Participant: 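Attaching a single structure in structure tokens format; questions to follow.
No experiment lies behind these values; they were computed from the predicted model shown.
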Amino acid sequence: TETAIKEIPTLRMLNRKKKEINDTAKKVFKDMNDQLRTIAKVEIVDCKSQIGSGSLPVELIPSCAIKISTNSNKHLSKLYTEFRKLPIPVIGRIHDNSILFDLRCLEDECEFLYQLKKLNLKLLKSKNLSGQVIIPGDKSISHRSIILSSIANGTSEISGFLRGDDCLATLNAFKKI
């Protein structure tokens, strides 16, 4: 049995202990976090690896995953696509607005980490915007601001007032009251 586990990849991966998978996660985490920290949150999480599908019974076995979360589903989807475009595609699953990479099947973390440098993250980096938006005055709102100011206690300051003939006529009428 030991020889079969060593020589048959599927048996080897199914027989990996959770501690071994967690050790792999720790090795991978730092580089992944360094690579993605400006666009995503990277964590090590417990998960269950699913074995069997279709007509076979499905079993779940304990494992560890790298969880990647972003502040946007659009960015998450693009990031997932970029992982799949790598020379050795990285396939995970999207679950609860995060990408999960179950590390049970990752045997060569060095090759995995090397190809991370090939991720195209330029599409995902957003530039910080700053500025001021000035919305032109609105006739209806300008009339209302005059009316509400006239019944308010104290002094009212109105910005963005539309200086059209109708609004100025309303302002002059209320000044005379």
Side-chain angles (χ1 to χ4, degrees), residues 22 24-50 53 60 63-103 106 109 111-177:
N22 193 51
T24 300
K26 289 175 185 174
K27 291 176 191 172
V28 169
F29 170 78
K30 183 186 180 316
D31 286 355
M32 284 191 80
N33 191 48
D34 289 347
Q35 181 85 3
L36 300 173
R37 88 168 109 229
T38 60
I39 59 165
K41 178 181 178 186
V42 180
E43 306 172 75
I44 298 172
V45 295
D46 290 333
C47 71
K48 302 279 185 183
S49 294
Q50 179 177 313
S53 64
L60 298 174
S63 190
C64 290
I66 293 291
K67 177 181 176 182
I68 302 171
S69 308
T70 65
N71 59 0
S72 151
N73 283 339
K74 182 178 169 185
H75 281 138
L76 190 71
S77 180
K78 284 182 180 179
L79 182 59
Y80 186 67
T81 300
E82 290 306 312
F83 272 101
R84 293 182 67 184
K85 288 181 184 176
L86 289 171
I88 301 170
V90 180
I91 309 296
R93 67 181 188 269
I94 295 180
H95 179 73
D96 288 337
N97 299 316
S98 299
I99 302 170
L100 287 178
F101 293 120
D102 185 341
L103 299 177
L106 179 63
E109 64 264 4
E111 182 67 30
F112 171 75
L113 293 173
Y114 174 77
Q115 74 171 7
L116 277 183
K117 297 172 187 156
K118 296 177 182 176
L119 277 173
N120 180 9
L121 302 177
K122 291 178 186 160
L123 297 171
L124 304 171
K125 292 183 180 176
S126 60
K127 295 176 176 46
N128 292 332
L129 297 176
S130 64
Q132 183 177 10
V133 177
I134 300 172
I135 300 170
D138 175 88
K139 182 177 170 180
S140 188
I141 293 173
S142 294
H143 283 295
R144 289 183 185 127
S145 67
I146 295 167
I147 295 166
L148 293 173
S149 295
S150 71
I151 60 173
N153 291 326
T155 304
S156 297
E157 187 177 319
I158 300 169
S159 61
F161 183 80
L162 181 65
R163 296 190 178 275
D165 290 341
D166 288 354
C167 297
L168 292 174
T170 302
L171 181 60
N172 288 331
F174 273 85
K175 281 182 180 178
K176 292 178 182 175
I177 298 178

Participant: A side-chain contact here means heavy atoms from C-beta on lying under 4.5 Å apart; do Ile177 and Ser150 qualify?
Facilitator: no

Participant: Within the 4.5 Å heavy-atom criterion, are Met32 and Ile68 side-chain neighbours or not?
Facilitator: yes

Participant: Could you list the residues that satisfy side-chain contact (heavy atoms from CB on, under 4.5 Å) with Thr155, not counting sequence neighbours?
Facilitator: none

Participant: Could you check if a side-chain atom of Val42 sits within less than 4.5 angstrom of a side-chain atom of Ile66, using non-hydrogen atoms only?
Facilitator: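 Answer yes - side chains close enough.
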
Participant: Kindly state each residue pair satisfying salt bridge (Lys or Arg N to Asp or Glu O under 4.0 Å) with at least one member in residues 165-177, sequence neighbours excluded.
Facilitator: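 Every salt bridge (Lys or Arg N to Asp or Glu O under 4.0 Å) pair that includes a residue of residues 165-177, provided the two are not neighbours, is Lys139-Asp166.
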
Participant: For Ser63, which of Asp46, Asp102, Asn22 qualifies under side-chain hydrogen bond (donor to acceptor under 3.5 Å, both in side chains)?
Facilitator: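 Only one of Asp46, Asp102, Asn22 forms a side-chain hydrogen bond (donor to acceptor under 3.5 Å, both in side chains) with Ser63, namely Asp102.
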
Participant: Determine whether Ile146 and Phe161 make a side-chain contact, defined as any pair of heavy atoms from C-beta on separated by less than 4.5 Å.
Facilitator: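 In short, these two side chains touch, coming nearer than 4.5 Å.
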
Participant: State the CG-CD distance between Leu36 and Glu82, to the nearest 0.5 angstrom.
Facilitator: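 Separation between the atoms: 11.5 Å.
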
Participant: Output yes when a side-chain donor or acceptor of Gln35 lies under 3.5 Å from a complementary backbone atom of Leu116, and no otherwise.
Facilitator: yes

Participant: Apply side-chain contact (heavy atoms from CB on, under 4.5 Å) to the pair His143 and Cys167, showing each step before the final yes or no.
Facilitator: CA-CA 6 Å; His143 283 295; Cys167 297; 4.1 Å; yes

Participant: According to side-chain contact (heavy atoms from CB on, under 4.5 Å), who are the partners of Lys30, at least two apart in sequence or on a separate chain?
Facilitator: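 side-chain contact (heavy atoms from CB on, under 4.5 Å) check on Lys30 returns Asp34.
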
Participant: With rounding to the nearest 0.5 Å, note down the distance linking CZ in Arg93 to CD1 in Ile99.
Facilitator: 12.0 Å

Participant: Which value, rounded to the nearest 0.5 Å, describes the distance between Leu103 atom CG and Cys47 atom SG?
Facilitator: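 It is 7.5 Å, given to the nearest 0.5 Å.
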
Participant: Are the side chain of Ser142 and the backbone N or O of Leu162 linked by a donor-acceptor pair below 3.5 Å?
Facilitator: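 Such a contact is found between Ser142 side chain and Leu162 backbone.
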
Participant: Working to the nearest 0.5 Å, report the span between CD1 of Ile44 and CG of Asn33.
Facilitator: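 Output value for this atom pair is 9.5 Å.
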
Participant: Is there side-chain contact between Ile88 and Gln115, with heavy atoms separated by less than 4.5 Å?
Facilitator: yes

Participant: I'd like to know if the side chain of Ser77 and the backbone of Lys74 have a donor-acceptor N/O pair within less than 3.5 Å.
Facilitator: no

Participant: For Tyr114, I'd like to know if atom OH has over 12 heavy atoms of other residues, nucleotides or ligands within 6.0 Å.
Facilitator: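 No.
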
Participant: Do you know which two heavy atoms are closest between Leu113 and Lys27, and how far apart they sit?
Facilitator: CD1-O, 4.0 Å

Participant: Between atom OG of Ser149 and atom CZ of Arg144, what is the distance when rounded to the nearest 0.5 Å?
Facilitator: 13.5 Å

Participant: OH/Tyr80 to CG/Leu100 distance, rounded to the nearest 0.5 angstrom?
Facilitator: 10.0 Å

Participant: Tell me the closest heavy-atom pair linking Leu76 and Ser98, and the distance in Å.
Facilitator: CD2-N, 3.7 Å

